[in-house]
Amino acid sequence: MILIVFAAAHPAAGQNIMATNEVSVGQPGAGDKAPEATQNEAGVALHKRDWRYTIHASDTLELTFALTPEFNQTVTVQPDGYITLRNVGDLSAAGQTLPELTQSIKTAYAKILHDPVITVDPKDFEKPYFVVGGQVGKPGKFDYRGEVTLTEAIAIAGGFTDASKHSQVLLFRRVSDQWTQASIINVKKMLDSRDLQEDPELRPGDMLFVPKNAISKLKPFLPTSSVGAYYNPATL
């Protein structure tokens with residue numbers, strides 16, 4: 001199945017600053033249907049997803065029981081995604097947000113405690129990050145330390161190289177465990193028009209790729225497992 005086709009042709013005139021191209025080949029099977037994109041106010045296809053930190057393996061969490069402090073404990077998420085709770089046993093934690101995990105722990109302890117009041121605080125966890133690759137001065141993985149836009153992220157990564165195709169910057173955003181949304185950003189048009197209101201704000205986990213060659217077609221959603229292939233220098 002061909003996911004992305006590269007060509008030397010230039011993008012069509014009047015191309016939007018940000019766009020997701022139509023699927024051209026290889027529709028997903030019924031059991032692996034890609035999520036549907038929605039339209040934002042500017043008419044750009046974007047998948048809605050409010051970012052919340054999710055628990056990962058090796059995260060260390062501090063559990064505080066306000067009414068029963070004898071149950072206070074510190075737990076580490078095991079490689080299989082489970083935590084072991086005192087007097088309760090194992091509980092699946094990976095992939096849950098903090099509010100979701102807090103409720104799961106309350107439900108587990110409700111079997112032995114009456115209306116437990118529990119708070120969950122992350123003490124050692126995977127720090128939010130974004131990735132910039134391709135034709136930039138310093139490609140790599142960078143800490144996400146608050147609001148950062150696409151052009152700011154490129155600047156942090158050393159800016160464009162002379163070989164960059166900055167009219168077609170790729171933005172990969174994970175929307176589920178199985179699917180990642182792919183968008184093409186016309187940074188050249190944005191900068192030429194000096195309209196930074198169109199400069200998209202990144203979210204933790206976003207990946208940018210600045211190609212060397214023009215891109216003719218890009219699927220709006222890609223299997224998450226395949227996205228890493230686009231960061232191979234031989235790909236673009």
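What you see below is based on every heavy atom in this structure, not just the backbone, and it leaves out hydrogens, waters and symmetry mates.
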Task: Nearest atoms (heavy-atom pairs only) where Ala153 meets Leu202 - done: CB-CD1, 3.5 Å
Open item on the list: Test side-chain contact (heavy atoms from CB on, under 4.5 Å) on Thr149 and Glu147; report intermediate values, then the result.
Closed with: CA-CA 7 Å; Thr149 66; Glu147 295 182 1; over 6 Å; no
Task: Lys/Arg-Asp/Glu bridge criterion (N-O < 4.0 Å) met for Asp206, Arg173 - done: yes
Open item on the list: Minimum heavy-atom separation for Gly133 and Pro139, please, with both atom names.
Closed with: CA-CB, 4.0 Å
Open item on the list: Looking at Glu100, is its backbone amide N or carbonyl O close enough to the side chain of Gln103 to form a donor-acceptor pair, meaning the two atoms are under 3.5 Å apart?
Closed with: no
- [ ] For Asp90 and Tyr82, indicate whether the former's side chain and the latter's backbone hold a donor-acceptor pair under 3.5 Å.
- [x] no
- [ ] To the nearest 0.5 Å, tell me how far Glu152 CD sits from Phe142 CZ.
- [x] 13.5 Å
Open item on the list: What I'd like to find out is whether the side chain of Tyr53 reaches to under 4.5 Å of the side chain of Thr97, using heavy atoms alone.
Closed with: no
- [ ] Apply the side chain to side chain contact (heavy atoms under 4.5 Å, CB included) test between Val120 and each candidate in Thr64, Leu98, Val75, Ile55; give the one that qualifies.
- [x] Leu98
- [ ] Provide the closest heavy-atom pair for Ile83 versus Ala93 in the form atom of the first, atom of the second, distance.
- [x] CG2-CB, 4.0 Å
- [ ] Measure the spacing between CG of Leu150 and CE of Met190 and express it to the nearest 0.5 Å.
- [x] 6.0 Å
TODO: For this output row, return yes or no: ring centroids of Phe71 and Tyr109 closer than 6.0 angstrom.
DONE: yes
- [ ] Measure the shortest side-chain to side-chain distance between Leu208 and Ile154 over non-hydrogen atoms and say whether it is less than 4.5 angstrom.
- [x] yes
Open item on the list: Can you tell me how far apart NE2 (His56) and OG1 (Thr54) are? Round to the nearest 0.5 Å.
Closed with: 4.0 Å
Task: Reported CD-to-CG distance for the pair Gln78 and Asp59, which is rounded to 0.5 angstrom - done: 12.5 Å
Task: Ser164 (side chain) donor-acceptor with Phe160 (main chain) under 3.5 angstrom - done: no
Open item on the list: If you take the centroid of each ring, where Trp contributes its six-membered ring, are Tyr144 and Tyr129 closer together than 6.0 Å?
Closed with: no
Open item on the list: Could you walk me through whether Ser183 and Leu170 satisfy the side-chain contact (heavy atoms from CB on, under 4.5 Å) test, starting with their C-alpha distance in whole Å, then the side-chain angles of each, then the deciding distance to 0.1 Å, before giving a yes or no?
Closed with: CA-CA 6 Å; Ser183 303; Leu170 304 183; over 6 Å; no
Task: Residue pair Leu85 / Leu63: nearest heavy atoms and the distance that separates them - done: CD2-CD2, 3.6 Å
- [ ] Mind checking the CZ-CZ spacing from Arg203 to Arg174? Nearest 0.5 Å is all I need.
- [x] 14.5 Å
Open item on the list: As a quick check of understanding, evaluate side-chain contact (heavy atoms from CB on, under 4.5 Å) for Leu101 and Leu61, giving each step before the final call.
Closed with: CA-CA 11 Å; Leu101 180 59; Leu61 309 170; 3.5 Å; yes
TODO: Using modelled atom types only, decide if a donor and an acceptor are shared between the side chain of Glu62 and the backbone of Pro122 within a distance under 3.5 Å.
DONE: no
- [ ] Mind listing the closest non-hydrogen atom pair of Lys106 and Ile118 along with its distance?
- [x] CE-O, 3.7 Å
Open item on the list: Evaluate Thr161 against Gln135 for side-chain hydrogen bond (donor to acceptor under 3.5 Å, both in side chains), listing each step before the verdict.
Closed with: CA-CA 5 Å; Thr161 67; Gln135 300 300 312; 3.2 Å; yes
Task: Donor-acceptor under 3.5 Å (Asn186 side chain, Gln168 main chain) - done: no
- [ ] Evaluate the criterion side-chain contact (heavy atoms from CB on, under 4.5 Å) for residue pair Val187 and Val210; output intermediate values, then yes/no.
- [x] CA-CA 10 Å; Val187 178; Val210 182; over 6 Å; no
- [ ] Measure the spacing between CD1 of Ile184 and OG of Ser167 and express it to the nearest 0.5 Å.
- [x] 9.5 Å
Open item on the list: Are there over 12 heavy-atom neighbours, none belonging to Glu70, within less than 6.0 Å of that residue's CD?
Closed with: yes
Open item on the list: For the NZ atom on Lys111, are there more than 12 heavy atoms of other groups (residues, nucleotides or ligands in this structure) within a distance under 6.0 Å?
Closed with: no
Task: Single-linkage hydrophobic cluster, 4.5 Å side-chain cutoff, Ile112 and Leu91 together - done: yes
